[in-house]
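Every number for a ligand or one of its atoms is a count from 1 in the order of the listing.
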Amino acid sequence: MTTVNVTPRGSLTEATALRQGVLCEHRDSTVLLSLRNQTGYRLRGVTPGILGVLERLSRHAVPTDELAAGLDAYQERQLTRVLERISPFLARSLMYRGAELMAVEATAPAEPYDVVDVPTDTPVRLSKFALLRRREGALVVETPLTAYRCVLRSAEAASVASALGETATALELASAELPAEAVAAVLGHLVGAGFADLGTRGDGPAVFAADDDEVLRQWDFHDLYFHSRSRLGRTDEPYGGRFPYIGSIEPLPPVKPAPPGEPIPLFRPQLTDVLAKDPSLLAVMEGRQSIRSYGERPIDAEQLGEFLYRAARVRGTYGPRPDQKMPYAGSTRPYPCGGAAYELELYLTIRRCDGIEPGIYHYDAQDHCLRLVNADPGLRQNLLDLGSLSTGGEAVPDVLITMTSRFQRLSWKYQSIAYAVTLKHVGVLYQTLYLVATAMGLAACGLGSGNSELAERAFGLDPLKESAIGEFLLGSAPQTRPLEESARHATDWRPGNDPQWQQEVRHLLP
Ligand SMILES: Cc1cc2nc3c(=O)[nH]c(=O)nc-3n(C[C@H](O)[C@H](O)[C@H](O)COP(=O)(O)O)c2cc1C
């Protein structure tokens, strides 16, 4: 076993450590490194000298310039090669007085960052995109801006990071435990790896380059974090269809159990009737437009039944089929859905519909019926008003369709991407609703925002299990369709590719 040099007290040292969640085991001369018991990397023929280094690393961070202590020149070269090969399992650590302050690990293959020289009187603050959270038993700082995670392995480093909610200098953050030079070293890593911003101070308040960056300014924190964590490239979290709860949690059923209440059966169209009257795909695609005005006569129950039947009914259910990577039951419906999970539910807030009373209803896609879930006229009006507000007050729709997601249908299978996938499904369903509405001569308009809390209250939902993620307006078509061609008479109109198709198919639509 190699002799371990003890870092002299009072010194600040760059060190090497195993990253969070890495297990380093060996049998004879074979070493197995694994990350959270998943990614395995085997090193064979490891010599006792190198084994000693790895054993030390598996216990604690080791000052980088002491890693090769006791090794001869040949072993030192060997160690350099080994460290290069196992670099995805290593973190860059900072020690003070022999104890580890913090470690920065790469969450994806990344060029090593440069530690920034932070003078002790220079202002620093946490980046707008930085996030402090508990992960695997430690406080970590993350950012979607770079492929690094900082593990705060000491109260002193945690205190520095958490103080950066306000702009501060190393001198201001210095304490009896951590003098200004050591704070500046922590800041040097935080700034270097992209967790914190380095400012300049003239006569006035500190100035930060990020505040003038037009691209960064236009990103919301949660959008950029969501993007970086739901796509491959920067994340090291488990990703994709991995079925993490199989065997421990039962999957949700493919169709939501019907809420209590009397079913109101809906009209079921006949295929031959629809085939006989339906316009072509081209006419529907080209003629589709968002319509925010409605006819004098409202949509009727037959139209609503046909619309829902064609766009969103359950054609059937099947499974589980474990032999086909489908250890849960799925369903088939007219629109596509990742993993055939069909987690989206439709709730209809009806203002006016010939043949159906105003109210808040759940659409049962299996039995093709509605059930009243809330008769409160105040909540109904609140939902409709909000839908209207999303169009700047222009639309007073016959029906507001709210899409909710039964999240666990997706997260039982997918890791990191479940929410991103459900949002994609909302887009898929929007277009399906638009197309069916256009084919049927109804007025349709997708909405970009909504109040999930209001919807949960109105529909009686547990928000962690099912919550609103999309809104869509539907109604009878107005006497005259809004003229999209009016845009073409405007002075700023610039024709692109066959814009006249939209008008030329008009006579083919109902
Ligand atoms: C996801 C999505 C969100 C939308 N949000 C709104 C909205 O909140 N309010 C609104 O009046 N229209 C909304 N629309 C309709 C768009 O304004 C419309 O699709 C766009 O102007 C193009 O016009 P067209 O649909 O008539 O071709 C939305 C459409 C989509 C697909």
Worksheet item: So which heavy atom in the protein is nearest atom 27 (O) of ligand 1, and how far is it from that ligand atom?
Response: R288 NH2, 2.9 Å

Worksheet item: For atom 1 (C) of ligand 1, what's the nearest protein heavy atom and its distance?
Response: Y430 CE2, 3.6 Å

Fill in: Heavy-atom neighbours of R297 CZ exceed 12 at 6.0 Å
no

Fill in: H368, R371, E345 screened by side-chain hydrogen bond (donor to acceptor under 3.5 Å, both in side chains) with Y363, the one that passes
H368

Worksheet item: Does R409 come within less than 4.0 Å of E343, counting only side-chain N to carboxylate O?
Response: no

Worksheet item: Short list, please: which atoms of ligand 1 are under 4.0 Å from a heavy atom of S390?
Response: 7 (C), 8 (O), 9 (N), 10 (C), 11 (O)

Practice prompt. Using a distance threshold of 4.0 Å (strictly less than), state whether atom 22 (C) of ligand 1 has a protein heavy-atom neighbour.
Written response: no

Worksheet item: Do other residues, nucleotides or ligands put more than 12 heavy atoms under 6.0 Å from R494 CZ?
Response: no

Worksheet item: Looking only at protein heavy atoms, which one is nearest to atom 26 (O) of ligand 1, and how far off is it?
Response: S290 N, 2.7 Å

Fill in: For Q289, atoms of ligand 1 separated by under 4.0 Å from a heavy atom
26 (O)

Worksheet item: Would a line drawn from the ring center of Y414 to the ring center of F243 be shorter than 6.0 Å?
Response: no

Worksheet item: At the 4.0 Å heavy-atom cut-off, does Q431 count as touching ligand 1?
Response: no

Fill in: Whether over 12 other heavy atoms sit under 6.0 Å from E394 CD
yes

Practice prompt. Specify side chain, backbone, both or neither for R292, according to which of its non-hydrogen atoms lie closer than 4.0 Å to ligand 1.
Written response: side chain

Worksheet item: Can you list the atoms of ligand 1 that are under 4.0 Å from a heavy atom of T391?
Response: 11 (O)

Worksheet item: Does C445 come within less than 4.0 Å of ligand 1, judged by its heavy atoms?
Response: yes

Discussion item. Between E142 and Y225, do the side chains contain a donor N or O and an acceptor N or O under 3.5 Å apart?
Written reply: yes

Item to complete: Within a distance under 4.0 Å of any heavy atom of Y434, pick out the atoms of ligand 1 and give their elements.
Response: 15 (C), 19 (O), 29 (C)

Response to the item:
Looking only at protein heavy atoms, what sits closest to atom 4 (C) of ligand 1 is G446 O, 3.3 Å

Worksheet item: In terms of heavy-atom contacts, does CD of E136 have more than 12 from other residues, nucleotides or ligands at under 6.0 Å?
Response: yes

Worksheet item: Of all the non-hydrogen atoms in the protein, which one sits nearest to atom 8 (O) of ligand 1, and at what distance?
Response: G448 N, 3.0 Å

Worksheet item: Side chains of R288 and T438: donor-acceptor distance under 3.5 Å anywhere?
Response: no

